[in-house]
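Below you'll find the structure, written out as structure tokens, and then a few comments.
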Amino acid sequence: MERTLSIIKPDAVKKGVIGKIVDRFESNGLRIAALKKIQLSRLDAEAFYAVHKSRPFFGELVAFMISAPVVVMVLEGANAVAKNRDLMGATNPKEAAKGTIRADFADSIDANAVHGSDSAENAAKEIAQFFGAFEIL
Ligand code: ATP
Ligand code: MG
């Protein structure tokens with residue numbers, strides 16, 4: 001059993017595909033242990049993507065993430081981190097495998113529909129950024 005953090009990003013929320021994306025997880029053995037729709041502040045987004053602070057796209061990434069509400073979720077299941085990354089597809093939707101969330105719902109590398117933790121260690125940190133222990137069921 002493993003947990004990972006998933007975010008449905010502003011582009012996918014605005015498109016009205018929250019339900020379709022949640023279905024991908026539930027249909028593929030990932031249980032929704034927590035879920036909420038929130039508006040990220042600039043500070044939230046900067047802290048969340050702090051690892052990319054020195055990258056040229058950081059400003060645009062933060063601006064995008066605060067441009068509309070997002071849905072944050074804790075997904076739980078066997079190998080949840082890797083399974084979620086497989087279901088998401090490559091960062092650039094043009095390179096994402098057929099049938100992945102990014103291939104089906106994302107438009108560009110900036111607006112790429114979903115975030116998923118990239119390791120169990122980062123998952124624990126990211127989950128703690130958004131959820132208290134009593135919200136994860
Ligand atoms: P995420 O962390 O959002 O799940 P990821 O792990 O697939 O995405 P990262 O390398 O962590 O990719 O990059 C974080 C985000 O920064 C990406 O989702 C993307 O929107 C943006 N990004 C990454 N690389 C580029 C790039 N070369 N040009 C523009 N935006 C980029
Ligand atoms: Mg990442």
Side-chain angles (χ1 to χ4, degrees):
M1 205 280 291
E2 192 173 69
R3 284 176 176 169
T4 190
L5 185 86
S6 169
I7 302 180
I8 302 178
K9 295 186 180 183
D11 58 319
V13 171
K14 284 201 279 188
K15 262 186 211 165
V17 292
I18 294 171
K20 286 182 177 160
I21 291 175
V22 170
D23 180 57
R24 297 290 173 101
F25 301 133
E26 292 191 314
S27 299
N28 287 281
L30 290 173
R31 206 176 63 77
I32 311 297
L35 180 153
K36 60 188 172 190
K37 186 179 191 181
I38 57 172
Q39 171 67 52
L40 295 181
S41 68
R42 181 170 291 277
L43 280 180
D44 291 332
E46 285 175 352
F48 185 74
Y49 278 123
V51 64
H52 296 306
K53 202 157 47 188
S54 59
R55 308 282 289 276
F57 56 82
F58 182 69
E60 281 167 47
L61 176 59
V62 168
F64 168 65
M65 290 300 288
I66 66 175
S67 64
V70 298
V71 172
V72 289
M73 286 172 281
V74 177
L75 307 179
E76 190 177 85
N79 302 313
V81 171
K83 186 175 251 184
N84 180 37
R85 298 288 304 192
D86 284 348
L87 293 171
M88 288 163 59
T91 306
N92 186 347
K94 291 183 180 72
E95 290 161 14
K98 220 173 151 219
T100 60
I101 293 169
R102 282 169 166 164
D104 290 344
F105 302 114
D107 299 319
S108 68
I109 193 166
D110 308 286
N112 61 4
V114 281
H115 161 81
S117 308
D118 59 13
S119 67
E121 191 189 348
N122 284 336
K125 287 184 198 157
E126 292 176 2
I127 289 168
Q129 190 179 343
F130 293 109
F131 294 98
F134 294 110
E135 295 180 288
I136 305 168
L137 304 166

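Counting starts at 1 for both ligands and their atoms, in listed order. Quick caveat, the model's predicted, so the values are computed rather than measured.
- Listed by chain and residue number, the protein contacts of ligand 1 are K9, Y49, H52, F57, L61, R85, M88, T91, R102, I109, D110, N112, H115, G116 (heavy atom within 4.0 angstrom).
- Taking 4.5 Å as the limit, some side-chain heavy atom of V13 sits within range of a side-chain heavy atom of I18.
- Scanning for side-chain hydrogen bond (donor to acceptor under 3.5 Å, both in side chains) contacts around D107 gives K15, with sequence neighbours left out.
- Contact check for V114 versus I7: no side-chain heavy atoms found under the 4.5 Å cut-off.
- Taking the side chain as every heavy atom from C-beta outward, L30 and E76 never approach each other to under 4.5 Å.
- A cation-pi arrangement is absent between K9 and F105, since the terminal nitrogen or guanidinium carbon is not both under 6.0 Å from the aromatic centre and inside a 45° cone about the axis.
- Note on ring orientation: taking the six-membered ring where Trp is involved, the planes of F48 and H115 are perpendicular (angle over 60°, cut-offs 30° and 60°).
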